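Okay, so here's the structure we're looking at.
Note that this is a predicted model, so its numbers are computed, not measured. Atoms within each ligand, like the ligands themselves, are counted from 1 in listed order.
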Amino acid sequence: MARARAGHVNGIRGTLAPESAASILRAPTPPAWVEDALAHLPELLRDHANCEKKAASTALALMFAYPADRALATALSRLAREELRHFEQVTRAMAALAVPYVRQAPGRYAQRLRSALATCDPGRKLDLLLTGALIEARSAERFGLLAPRLPPPLARLYADLAGAEARHFTLYLDFARDRAPQEWQARLAVLAQREAELATEPDVTLRFHSGPLRARS
Ligand SMILES: [Fe+2]
Ligand SMILES: [Fe+2]
């Protein structure tokens, strides 16, 4: 599945890591989702903005949950700031495109993925790190799929974000491997299967991490 490499990534000694975000995803995004996203650009952008805020708050929540892990806290502090810059970038793009930022209900993805996590430690920290890796990997994949299909300046922004989210995927995965070297692969297999189902099965609302729409318009 993954090509091996060795060395330091994000200050953590690594022995095995996928080379690209797509390598931990169990299933690629269906082409129908890309078409649905392009046909529902205001909804996509609103959900994207919400996802950037959520990514920052998830990083902060991990810092609060595991304050003794100083290396993790330092990495997540930087990550949270970067996610908030992404939020500012996407809301600027929305304003330029005259897309109103109104309240929009979240989709099924994050909530149902979270329901698969261990509820307490030992196990919960690893699950949170792996879920972070999967969400960032799916984000990187989808930014990369959308970028060539979007008009500037969105195309440039999404191409840049594909690279940034791929770095975040690597950060979370490297911490998971380092903090739970015996357990991470088995848990990743379980969580990646759940993530792939949520990202590919027909969905009722178009969101950044949704499946393709059930009723095609
Ligand atoms: Fe981001
Ligand atoms: Fe991210």
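Arg124 places a side-chain N or O within 3.5 Å of a backbone atom of Ala118 that can act as its donor or acceptor partner. A donor-acceptor distance shorter than 3.5 angstrom exists from the side chain of Asp47 to the backbone of Phe208, with no hydrogens or angles considered.
Of all protein atoms, those that are N, O or S and lie under 2.8 Å from the Fe ion (ligand 1) total 4.
When the salt bridge (Lys or Arg N to Asp or Glu O under 4.0 Å) test is applied to Arg142, no partner is found at least two apart in sequence or on another chain.
Ser139 and His48 form no side-chain donor-acceptor contact under 3.5 Å, judged by distance and modelled atom types alone.
Across all their heavy atoms, Ala162 and Gly144 have their closest contact at CB-N, 3.8 Å.
A salt bridge is defined here as a Lys NZ or Arg NE, NH1 or NH2 lying under 4.0 Å from an Asp or Glu carboxylate O, and Arg138 with Glu141 meets this definition.
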